[in-house]
Amino acid sequence: MSWVKPSCWNTSLLMVVLPLFLLSPLFSFRLVRCDADHFGSAFKIMEEFSGYPVGEPDALLSLSVGTDDLLKQIDELAAFSDTPAPSVTRVIYTDKDVAARRYVKNLMKGAGLSVREDAVGNIFGRWVGSEPDLPAVATGSHMDAIPYSGKYDGVVGVLGAIEAINVLRRYGFKPKRSLEIVLFTSEEPTRFGISCLGSRLLAGSEELLKSLKSTVDAQNISFLDAARYAGYAQDQDDISSVVLKKGTYASFVELHIEQGPILEEEGTSIGIVTAIAAPASIKVDFEGGGGHAGAVLMPNRNDAGLAAAELALAVEKHVLESGSIDTVGTVGILDLHPGAINSIPSKAHLEIDTRDIDEGRRNEVIKKIHQSAFRIANNRGVKLSEFKIVNQDPPALSDESIIRAMEIASTELNLSRKLMISRAYHDSLFMARISPMGMIFIPCYKGYSHKPEEYSSMEDIANGVKAYYLA
Ligand SMILES: NC(=O)N[C@@H](O)C(=O)O
Ligand SMILES: [Mn+2]
Ligand SMILES: [Mn+2]
């Protein structure tokens with residue numbers, strides 16, 4: 001099973017960051033309480049945290065990271081793609097995805113982590129702490145990639161975390177709380193139209209547990225069959241074992257490229273995410289009369305394709321009507337059937353992605369889109385055979401103490417910082433339902449993402465690393 005159809009490097013200094021970003025949440029709680037403006041106090045807490053002498057702060061600050069390894073790993077991982085470089089296409093449960101999973105599991109084992117996988121393929125690499133019963137500090141991201149995208153989205157948060165553990169080990173660090181890296185299954189909605197599939201299940205989405213039993217992809221392959229093809233969900237239809245017990249994690253933090261232009265444009269090094277916008281996605285189907293493109297005169301047509309086109313424009317109109325820059329709407333999929341130049345489309349399928357930091361305002365847009373779909377179907381004499389809201393998620397707020405820790409850290413490092421919203425969604429959106437959550441963004445080239453030109457400079461990544469370091 002494979003997919004149809006994309007380097008730069010330098011995430012190197014990522015290493016320095018991640019060690020800290022794994023620790024950050026724990027730091028933050030205490031720092032805030034003890035008015036944490038003394039660099040020293042950070043190390044005092046670190047010693048308390050690990051129960052081991054931290055040694056020379058400067059040494060800790062200038063931890064050397066395996067930049068070459070990391071760059072090599074990013075390139076090697078990018079090669080597991082169903083489209084040619086520099087693009088990357090890696091869709092859940094395909095041969096390339098399975099091979100990439102094996103690659104990352106080996107890196108986790110190489111970092112001395114005990115690796116386990118759940119029934120849908122969320123992969124966990126745990127560094128067991130001296131007090132294993134304490135809720136762990138978690139981090140992680142995803143490595144699936146939408147068609148023709150780049151090699152940093154999600155990957156930086158996964159490979160960097162593994163290297164961070166390597167750095168901590170090289171430094172002789174021994175955690176008290178366990179540290180766990182989570183590689184989430186299917187953050188991208190490419191194959192089954194559901195975003196953050198793995199993290200939604202970890203966070204206990206009953207709705208998804210049910211709907212997955214009847215979910216199929218465009219080739220009509222069921223979710224469970226696809227999972228079994230990849231080695232998961234072997235002997236069970238019931239995947240409820242995936243749901244994590246509340247309190248499993250003391251905190252969850254994700255490192256990610258900004259995927260927008262703001263940090264780079266403003267020359268700001270660190271983005272401290274305060275909230276993740278609320279995403280929603282809708283599937284719409286129109287059915288019309290179809291017929292011969294030559295013989296059927298315009299007045300006698302019920303063209304499903306034109307209905308879809310009109311609705312796509314209505315999405316833009318309703319989004320702009322919200323009057324807020326924070327409201328966005330995209331029609332990323334529009335398929336016509338039979339898809340022949342000289343045949344009037346008898347069926348049209350479109351998928352709509354709309355988001356906003358204001359859930360109410362976004363839902364207003366969804367309502368208007370629904371009304372327009374009915375109106376257009378009516379006016380054009382076509383049938384609105386499906387209007388399915390696949391997901392309509394609330395926004396997520398970052399944990400205050402984690403945000404403050406990152407603010408303190410950036411100040412210590414004289415790094416410019418910016419509190420900002422994530423307009424992209426992330427697994428953190430769902431991890432926030434079961435754990436205090438935080439995200440840090442680093443600048444990326446022209447804000448490019450979901451395309452092969454995606455890129456982050458080493459300097460930016462290093463700054464991000466240090467910010468985490470102190471946080
Ligand atoms: N981070 C990221 O790219 N998430 C996407 O799946 C999205 O569409 O936001
Ligand atoms: Mn993405
Ligand atoms: Mn991502």
Side-chain angles (χ1 to χ4, degrees), residues 3 6 11 14 74 77-78 81 83 87-92 97 100 104 122 139-161 181-200 252-263 271 273 275-282 326-333 351-357 362 390-396 398 420-432 437 439-445 447-456 464:
W3 264 86
T11 37
L14 212 165
I74 289 177
L77 195 52
S81 168
T83 51
S87 79
V88 177
T89 299
R90 193 168 43 243
V91 174
I92 178 183
D97 179 44
V104 170
N122 290 311
T139 175
S141 194
H142 66 100
M143 68 171 186
D144 57 324
I146 67 167
Y148 296 94
S149 60
K151 55 183 175 187
Y152 291 85
D153 179 1
V155 167
V156 167
V158 174
L159 295 181
I181 299 176
V182 187
L183 173 54
F184 296 99
T185 274
S186 191
E187 189 269 355
E188 305 289 1
T190 310
R191 184 164 181 177
F192 295 104
I194 302 160
S195 58
C196 301
L197 192 153
S199 51
R200 278 177 199 275
F252 177 82
V253 173
E254 180 170 4
L255 170 70
H256 207 283
I257 57 172
E258 181 204 336
Q259 298 181 290
I262 299 170
L263 293 177
V273 174
I276 302 174
S281 56
I282 309 165
D326 293 318
T327 319
V328 294
T330 313
V331 175
I333 295 177
E351 298 191 11
I352 303 165
D353 174 311
T354 179
R355 312 177 191 203
D356 197 327
I357 52 171
R362 184 217 47 207
V390 177
N391 62 289
Q392 195 169 358
D393 304 303
S398 300
M420 60 193 306
I421 293 159
S422 173
R423 300 179 189 287
Y425 54 70
H426 305 276
D427 294 298
S428 293
L429 180 70
F430 300 94
M431 294 309 284
M437 176 278 290
M439 285 194 80
I440 199 163
F441 278 172
I442 52 172
C444 57
Y445 176 65
Y448 289 161
S449 188
H450 283 184
K451 54 198 265 185
E453 297 83 356
E454 198 175 75
Y455 169 77
S456 273

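Whatever order the structure lists ligands and atoms in, that order sets their numbers, starting from 1. For clarity, every value in this text was computed on a predicted model and none was experimentally measured.
- Among the backbone and side-chain atoms of H142, no N/O/S atom is found under 2.8 Å from the Mn ion (ligand 2).
- Ring geometry, F184 versus F252: the interplanar angle exceeds 60°, so the pair is classed perpendicular (tilted spans 30 to 60°).
- Residue-level proximity to ligand 1 for I146 is absent, since no heavy atom of it falls below 4.0 angstrom.
- When each atom of ligand 1 is checked for a heavy atom of E188 under 4.0 Å away, the hits are 3 (O), 5 (C), 6 (O).
- Near H426, meaning under 4.0 Å from one of its heavy atoms, ligand 1 places the atoms 1 (N).
- Because the distance cut-off is set at 2.8 Å, H256 qualifies as a neighbour of the Mn ion (ligand 3) through one of its N, O or S atoms.
- Residue contacts with ligand 1: H142 is placed with no nitrogen or oxygen under 3.5 Å of a nitrogen or oxygen of the ligand (distance criterion only).
- Only the side chain of R355 comes within contact range of ligand 1, with a heavy atom under 4.0 Å; no backbone atom does.
- Applying the 4.0 Å criterion to heavy atoms of H256 picks out, from ligand 1, the atoms 1 (N).
- Checking side-chain atoms of D353 against main-chain N and O of T330 turns up no donor-acceptor pair under 3.5 Å.
- For the ligand labelled ligand 1, residue H450 lies inside the 4.0 Å heavy-atom shell.
- Counting the atoms of ligand 1 from 1 in the order shown, those under 4.0 Å from a heavy atom of A424 are 1 (N), 2 (C), 9 (O).
- In terms of modelled atom types and a separation under 3.5 Å, the side chain of R362 and the main chain of A278 share a donor-acceptor contact.
- The minimum heavy-atom distance between G464 and I442, with the atom names listed, is CA-CG2, 3.9 Å.
- Near E187, meaning under 4.0 Å from one of its heavy atoms, ligand 1 places the atoms 1 (N), 2 (C), 4 (N), 5 (C), 6 (O).
- At distances below 3.5 Å, at least one donor-acceptor pair connects side-chain atoms of N122 with backbone N or O atoms of T185.
- Using a 3.5 Å distance cut-off with no hydrogens or angles, the side chains of S281 and N391 do pair a donor with an acceptor.
- Of all non-hydrogen atoms in M420 and G271, the two that sit nearest each other are SD-CA, 3.6 Å.
- Residue D153 approaches the Mn ion (ligand 3) most closely through its N/O/S atom OD1.
- For atom 3 (O) of ligand 1, the closest heavy atom belonging to the protein is Q259 NE2, 2.8 Å.
- Within the 3.5 Å criterion, the main-chain N or O of L263 finds a donor-acceptor partner in the side chain of E258.
- In this structure, the side chain of R423 does not engage the main chain of A277 through any donor-acceptor pair within 3.5 Å.
- Seen from the Mn ion (ligand 2), atom OE2 on E188 and atom NE2 on H450 lie at an angle near 110° (rounded to 10 degrees).
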